[in-house]
Undergrad: 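Here's a structure for you.
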Amino acid sequence: MSVEKFNHLVAEKKWHKFWEDNKIFKASDNKKLKKFYCLEMFPYPSGKIHMGHVRNYTLGDVIANFKRLNGFNVLHPMGWDSFGMPAENAAIQNKLHPKKWTHSNIETMKSQLKLLGFSIDWDKEISTCDESYYKHQQKFFLDLYKKGLVYKKESLVNWDPVDNTVLANEQVVDGKGWRSGANVIQKKLSQWFFKITEYAEDLNQSLDTLTNWPEKVKLMQKNWIGKSKGCEIEFDLTSSSSNKKINIFTTRPDTIFGASFIALAIDHPIAKEYEQTDEFKEFKEQSYKIGNTDEAIAKTEKFGFKTNYVAQHPFIKNKTLPVYFANFVLMEYGTGAIFGCPAHDQRDLDFARKYKLEVTPVILPKGIKQSEFKINKEAYLEDGTLINSEFLNGLDVDKAKELIIEKFERVNKGKGKTTFRLRDWGISRQRYWGCPIPILYREDGAIIPVPEKDLPVRLPEDINFDKPGNPLDHHPTWKFTTCPETGMKAIRETDTLDTFVDSSWYFLRFCSSNNKEKGYEIDDAKYWMPVDQYIGGVEHAILHLLYSRFFSRAISSDTEFEIREPFHGLFTQGMVCHKTFKTEDGQWTYPEDVLEKDGNFFEKNSNKKIIIGPSESMSKSKKNVVDPQAVINMYGADSVRWFMLSDSPPERDIQWSDEGIAGCYKFIQKIWSCSEKILNISDSKEISANEKTNLEKLINKLTKEITHNIENFHFNVAVAKFYEFINNFTKILNDNNQDKKIYIEHFNQFLILIYPFTPHVAFEIWEKINKKKDLHLQKWPSFKESLLREEEFNIVVQINGKKRSILLAKSGLTEEQLFQMSLGLDNVKKLIENKKIIKKIYVKNKLINIVIHE
RNA sequence: GCCCUCGUGGUGGAAUUGGUAGACACAAAGGACUUAAAAUCCUUGCCCUUCGGGGAGUGCCGGUUCGAGUCCGGCCGAGGGCACCA
């Protein structure tokens, strides 16, 4: 009998149309339903979708479908992170307007996403470059401005000389621009900032409430925020000509008696007094000379510049400390000044050795005599007992810290203080393709926020990219305007907002996508927020997630509904990898251009020999990419989705392979042919009661496993269980009486279970069997614990912990009965002959361990 | 340098709380069907074996336990984050 194949090309098109026409993935407005907000990180419209998108949205789609079948009102939207530099770069290179380029990319990518059959509510689609989006963002900017969370300051910024723009600290990777890869230089500019540091404590503490976030991500954020408890201490500085007071910050106030110098940052206010001297100029120049990479900075030799100040030690009369400027002290952290305790800090020790300063140990390691304890080249950083420290002597480090802070506070020379590594978020970008900052500079010098009624501040469309720099700045008319209150002349802010601002609230916009008045409606947000499951790449573990957590708080504080944590559950998926191919002369080669001949590989056109490199994350530059669209055409959307869920756990990297996708295709066909076999049963006969129970148990077990594995993101295990089921099911189907009704009943349940993974083939078979297009209206099946209970068990029989035999036993037997049975097993008998049994262990329905004397 | 995670067959990986290691898939070898191929299906997978079974085995060394991939200590290796943060 010939069996017809599943034709994905026809079936997928048919179901896409049906789903779209009937809007079956539309979220309901009925706020009485139990909701589930499933969100994947929205894409940047760079051109075409890539395998990373496919994986991301497939993972999310399984969850969305699963939750819908479980009776949730699911919000599963899609949008476009559509402002950003590539659009401008494309405009410069191809003379194409960024808007046109962006919109055409969105069209392409949208049609590609639709090919995969994702259950997206397209009615809620948004795009951050639309003024219907960014006008609300400008309103939020003004709100934050009113709340005092936005400020402008002259600051040294990371300047990318290739992209001609400012970069946030986070966008500088190893001293290079994250996008251009150019060496970043320091430049002074007046910049807008969000006061994210205002929320440092809250952002840090609240991480502990995020129980459905990966520990790894929470830890990365903790490290980034970098909270440290310490103490601020006031020192009196004197020189022959003046007296000063300065504050220093330390986390080791307990080592105050080991202090031997004060070190200041090069740009500390006191530096003003030395700026004119040649020696200081030279010192400053030298410290700026050091390489750009963080690593190079960290390994640079410590050096300093001695001032003519001395500092009075706070507790030792007549003891003064020399005051230096030092290249390793940062103005941005703490107070830009420290006291050096060489014995217990490596940098301080290096510095002290260089300038022959005192090294007084004040912490004695446990178990070492004071007379034998010497500091040579390594500082002692661990805990111990305080020595040489007057009233602190004999205490351990923690106690000493406590006591000394109390003492400082009592004598009014310092106080306990917490500092953070986190800095404020610089949001100004000297770029055209971004959200305009709604600010005016009036001719009298006043800075005026654009009134709400004048929003949006629209981007002009007639722009010129021929000159370098920001086209908004040299636009002939756009920036010239008047003050709405006084009528005085005014100039618009020509910087635009960092695109991370766009993505810091888009999840809120999805709650009220089509609302024209507000960025989001409080009632909608109350219902939908927080996002129940957020899925995306781990590369956003710090920036995007931290900014979003801050921005949600900032814009919703003082409103009726404060959104502190926007993402309840977070899942970070791994990357899609592929082998890399290079010709012998070092040219990267696309996988489809590589041919195999007798175990050797050649480039298709040139016939050059190909060297196969390690599997790496797919990237255009290395050409180790596979185009999703081509694969979908060939194998179908279900096969591609199935591949993305198979084998590798979703949090780990996955290796793309041609064999793998072919295997997935085979499995889809196998499901199809299994359904054909059932439908073609012509001589239906009743099945035996025993087989009937077996079948019931099979589907019941599958139901439990799939439910459990979806809930825990073990999609690869779920896939394995589906394979196992189909293997067993077809075996029973082939070996037994063919009871059509029973098989159909169980296969229907199987189709519901697999629908979230491979919706097209599931719908097609469902319709074929049931003559209805209503698979999506089915209820997720429940499983019966009673059916999971077995009447027979394989009980492992161990002797001294080693497996020796297996005992097939019915349930209900007592421990003693089972023990006697196991003693009767040939293998066991042989091994315990003439040996003394010392002990026996029984694990119910699982295992017997007989311990004997060897 | 500091912090974190992970080491299981040829490969991707599985293994609720410590309780049959290697599920499932890919690749390979052999076989069945076929004139042939494709497709499909079956078998095998380290060492020894009298074919009943026995032995070794989850990066390395040691420990706890009746029993360790799983827990503890120490190494080695890979990946990721931070990086002059006082």
Side-chain angles (χ1 to χ4, degrees), chain A residues 3 5 174 214-217 219-224 226-228 230-231 248-253 255 263 265 290 293-302 326-330 332-341 344-348 350-351 381 419-423 538-539 541-542 615 643 646-649 652-655 657-664 666-667 669-670 673 708 712 714 716-727 730 734 794-806 826-827 830 838-844 846-852:
Chain A
V3 180
K5 268 191 165 184
D174 290 335
E215 288 302 320
K216 187 177 72 171
V217 174
L219 194 71
M220 279 161 77
Q221 294 221 351
K222 281 231 148 134
N223 290 339
W224 190 262
K227 176 177 177 172
S228 49
C231 179
I248 68 96
F249 176 75
T250 181
T251 55
R252 293 296 302 274
T255 63
I290 296 144
T293 69
D294 293 332
E295 206 187 338
I297 292 166
K299 285 178 182 160
T300 304
E301 199 195 340
K302 314 320 176 212
N327 65 334
F328 62 89
V329 180
L330 303 171
E332 303 86 53
Y333 185 78
T335 60
I338 62 161
F339 78 73
C341 175
H344 306 290
D345 183 289
Q346 194 57 49
R347 278 167 326 180
D348 295 351
D350 295 346
F351 191 81
L381 310 173
T419 49
F420 296 91
R421 210 195 69 110
L422 184 72
R423 322 247 172 96
V538 73
E539 67 274 17
I542 299 172
S615 186
F643 183 97
S646 303
D647 292 347
S648 287
R652 255 187 258 180
D653 288 352
I654 191 169
Q655 311 292 324
S657 76
D658 294 342
E659 296 84 9
I661 184 71
C664 293
K666 272 193 231 166
F667 180 68
Q669 293 301 338
K670 201 169 176 176
S673 67
H708 178 254
N712 291 290
H714 296 162
N716 57 320
V717 185
V719 164
K721 300 299 178 191
F722 278 121
Y723 276 111
E724 216 174 303
F725 173 82
I726 282 289
N727 288 345
T730 42
N734 291 334
N794 283 322
I795 294 175
V796 175
V797 181
Q798 295 183 335
I799 292 171
N800 288 353
K802 283 190 176 164
K803 182 178 99 181
R804 291 301 171 185
S805 191
I806 287 172
D826 286 351
N827 221 11
K830 208 163 65 191
I838 306 169
K839 200 174 173 182
K840 49 189 179 165
I841 285 123
Y842 174 60
V843 181
K844 200 178 175 199
K846 262 191 183 159
L847 173 137
I848 287 172
N849 188 11
I850 301 165
V851 186
I852 58 170

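None of the values given here were measured: they were computed from a predicted structure.
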Undergrad: Give the rounded distance in Å between these two atoms: NZ of A:K721 and P of B:G13.
TA: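 After rounding, the gap between these two atoms is 17 Å.
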Undergrad: Which nucleotide wins on minimum distance to the side chain of A:P649, given the candidates B:G13, B:U40, B:A86?
TA: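 The closest nucleotide is B:G13.
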Undergrad: Rounded to whole Å, how long is the line connecting atom NZ of A:K844 with atom P of B:U16?
TA: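 Atom NZ in A:K844 sits about 21 Å away from atom P in B:U16.
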Undergrad: For A:K670 and B:C41, what is the distance between atoms NZ and P respectively, to the nearest whole Å?
TA: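 Atom NZ in A:K670 sits about 5 Å away from atom P in B:C41.
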Undergrad: Using atom P of each nucleotide, how far apart are B:A86 and B:A78 to the nearest Å?
TA: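 The answer is 29 Å between these two P atoms.
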Undergrad: Kindly point out which of B:C24, B:G13, B:U40 is positioned nearest to the side chain of A:K666?
TA: B:U40
Undergrad: Would you classify A:L219 as touching base, sugar-phosphate or nothing, given that sugar-phosphate means primed atoms plus P, OP1 and OP2, and contacts are heavy atoms under 4.0 Å?
TA: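 Sugar-phosphate: the residue A:L219, judged by heavy atoms under 4.0 Å, touches backbone atoms but no base.
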Undergrad: Rounding to the closest angstrom, what is the interatomic distance between B:A68 and B:G77 at atom P?
TA: 28 Å
Undergrad: Is the shortest side-chain N/O distance from A:N727 to OP1 or OP2 of B:A25 below 4.0 Å?
TA: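 So the side-chain polar atoms of A:N727 do come within 4.0 Å of the phosphate oxygens OP1 or OP2 of B:A25, strictly under.
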Undergrad: Across all strands, who's sitting opposite B:C71 as a Watson-Crick or G-U wobble pair, both distances under 3.5 Å?
TA: B:G63
Undergrad: Using the C1' atom as the point on both nucleotides, what is the distance between B:A56 and B:C46, in whole Å?
TA: 8 Å
Undergrad: Quick one: is B:G19 close enough that its OP1 or OP2 comes under 4.0 Å of any side-chain N or O from A:K846?
TA: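 Answer is no, no contact under 4.0 Å.
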Undergrad: I want to check one thing: is the phosphate of B:G55, taken as OP1 and OP2, less than 4.0 Å away from some side-chain N or O of A:R804?
TA: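 Yes, such a contact exists.
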Undergrad: Is there a side-chain polar atom (N or O) of A:K802 under 4.0 Å from OP1 or OP2 of B:A21?
TA: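 For B:A21, OP1/OP2 do not have a side-chain N/O of A:K802 under 4.0 Å.
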Undergrad: Can you check whether A:R423 has a side-chain N or O nearer than 4.0 Å to OP1 or OP2 of B:C85?
TA: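 No, outside the criterion.
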Undergrad: For B:U17 and B:U40, measure between their C1' atoms and round to the nearest Å.
TA: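 Approximately 43 Å lies between the C1' atom of B:U17 and that of B:U40.
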Undergrad: Please state whether the base of B:G1 and the side chain of A:Q346 form at least one donor-acceptor pair under 3.5 Å?
TA: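 Looking at the base of B:G1, it does not pair with any donor or acceptor on the side chain of A:Q346 (distance under 3.5 Å).
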Undergrad: When you get a sec, tell me which of B:C24, B:C66, B:A83 is the closest nucleotide to the side chain of A:R421?
TA: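 Among the listed nucleotides, the one closest to the side chain of A:R421 is B:A83.
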Undergrad: Expressed in angstrom and rounded to an integer, what is the separation of A:I795 atom CD1 from B:G67 atom P?
TA: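 The answer, rounded to whole Å, is 21 Å.
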Undergrad: What distance, rounded to whole Å, do you find between the two C1' atoms, one in B:A37 and one in B:G69?
TA: 45 Å
Undergrad: Separation of A:K803 atom NZ from B:A68 atom P, in whole Å?
TA: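 Atom-to-atom, A:K803 to B:A68, this comes out as 15 Å.
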Undergrad: Please report, rounded to the nearest Å, how far the C1' atom of B:G80 is from the CG atom of A:D653.
TA: 11 Å
Undergrad: Starting at CD of A:Q798 and ending at P of B:G54, how long is that distance when rounded to a whole Å?
TA: 13 Å
Undergrad: Expressed in whole Å, how much space separates the P atoms belonging to B:U43 and B:C24?
TA: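 Looking at atom P only, B:U43 and B:C24 are 11 Å apart.
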Undergrad: Rounding to an integer number of angstrom, what distance separates B:G57 and B:U20 when you compare their C1' atoms?
TA: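 Result for the C1' pair: 15 Å, nearest Å.
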Undergrad: When you compare B:A27 with B:C76, how far apart are their P atoms, in angstrom units rounded to a whole number?
TA: 39 Å
Undergrad: When you measure from the side-chain N and O atoms of A:Y333 to the phosphate of B:A86, is any distance below 4.0 Å, counting only OP1 and OP2?
TA: yes
